[in-house]
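Worksheet: one structure, shown below.
Naming: A, B, ... by sequence-line order, numbering from 1 per chain.
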Protein chains: 2
Amino acid sequence: MSTVNSGPRVDATDARILLALADDPRATVLALAERLRLSRNTVQARLAKLDENGALGSFERRVDPGALGYPLTAFVTAQADQHHLAEVADRLKDIPEIVEVFGLSGPTDLLVRVVAADTEDLYRVAGKILDCPGIERTNTALAMRELVPHRLTELLRRSAATRPAPTGRRARD
Amino acid sequence: MSTVNSGPRVDATDARILLALADDPRATVLALAERLRLSRNTVQARLAKLDENGALGSFERRVDPGALGYPLTAFVTAQADQHHLAEVADRLKDIPEIVEVFGLSGPTDLLVRVVAADTEDLYRVAGKILDCPGIERTNTALAMRELVPHRLTELLRRSAATRPAPTGRRARD
DNA sequence: TGGGCAAGTGAGCACAATGCTCACTTGAGG
DNA sequence: CCTCAAGTGAGCATTGTGCTCACTTGCCCA
């Protein structure tokens, strides 16, 4: 349901931690600290804060639908009765194959991301979407290729590059 | 670049592990084992296999762009010279604000997911996309609301529900 | 110019988790 | 009937965790 989160912004050090984690997701705090040349204490505190503020989304994001038996991804755009968007969203939430829904600006009201086991399955799901009261028109496009797989690394690198406020870190080494 | 992965399919037990992990991402293997009433050994082996086969996507997926200073998400659809899709994709990859790109079936060739710091930033990024040689026409829609946040839980639950092949597990307890 | 303040550091400590290996069990399939 | 794949429980040396503490350092602000 939420749109933004905008807790306190991730700073350069946080970004470096996230980057290191991206490289090795199950790395121990100790390993991260060593690698980033920070104290274990710092990394631990930072990490704690990062998932307190919702800077880290849910873990499910990391699960590959393909491995779950849903190798097909499709995007269904829809026009809907704008007065009842919330109700429509609730209905859509009940369809398990629907993985993500956005409310859009412009002539297309909804963008629905769907996964499916095969084309027949996809057809069925598309039908279910159209059947939702409030949905007026849909259009389904199959994702044939993932040309750029989901990534935030470039943005993280940019954040990591800004010189951190150098506080209390040791001079030697 | 990859489209599918389709390593060996995730079975019911795997799904249960992933579900538990979704609930508590940094849970220790021991905690998971206890909670699922599996042996530590099993969980450890399963988890190892899960990220060997790419059933687990990269960690970056969990990072919230909002926390990074990019609270805006937009979807840019584009028509492109289909003979040069690969080159276009390479160009798009160089734009950091581009988070994901799909090649679609139908009249729209590309779906580009973009994040931006503000509307002006978005305008700039949209311009960069249009400037890519091979891109013929674009249309930008701002994601105003995340009506259903990314989730795979329902699907995971479905997988977890199928009775697992009950092998060698103890009778008592 | 001096005092807080926030953030980092290094040390230490009891406890828990990891990574490994081994012998054993169990159901499925040839 | 035998073998195989998967799970189990045990054990053990090594690491990592979660916590607290005293101390340092640069920044902000008065």
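Judged by distance alone, the side chain of A:R16 and the main-chain N or O of A:S159 form no donor-acceptor pair under 3.5 Å.
The line from CZ of B:F59 to CZ of A:R62 is 7.0 Å long, rounded to the nearest 0.5 Å.
Candidate nucleotides D:dG7, D:dC19, C:dG8 were compared by shortest atom distance to the side chain of A:N41, and D:dC19 ranks first. Set against C:dA17, C:dG19, D:dT17, the side chain of A:L30 has D:dT17 as its closest nucleotide. Considering only side-chain atoms of A:T28, the nucleotide from C:dG19, C:dT9, D:dG16 that sits closest is D:dG16.
The side chain of A:S39 places no N or O atom within less than 4.0 Å of a non-bridging phosphate oxygen (OP1 or OP2) of C:dG10. Remark: A:Q44 is in phosphate contact with D:dG18, judged by side-chain N or O atoms under 4.0 Å from OP1 or OP2.
At whole-Å resolution of the value, CG in A:L50 and P in C:dA7 are 13 Å apart. B:D11 places its CG atom 10 Å from the P atom of D:dA6, with the value rounded to the nearest Å. Rounded to a whole Å, the CG atom of B:L47 is 16 Å from the C1' atom of C:dC20. Distance B:E34 CD to C:dA16 P: 11 Å, rounded to the nearest Å.
Backbone-only engagement by B:R46 is indicated by non-hydrogen atom pairs under 4.0 Å involving sugar-phosphate atoms exclusively.
Taking the side chain as every heavy atom from C-beta outward, A:L147 and B:L92 never approach each other to under 4.5 Å. Within the 4.5 Å cutoff, the side chain of A:L110 has no heavy atoms near those of the A:T77 side chain.
You'll find a donor-acceptor pair under 3.5 Å spanning the side chain of A:R40 and the base of C:dG12, going by distance alone.
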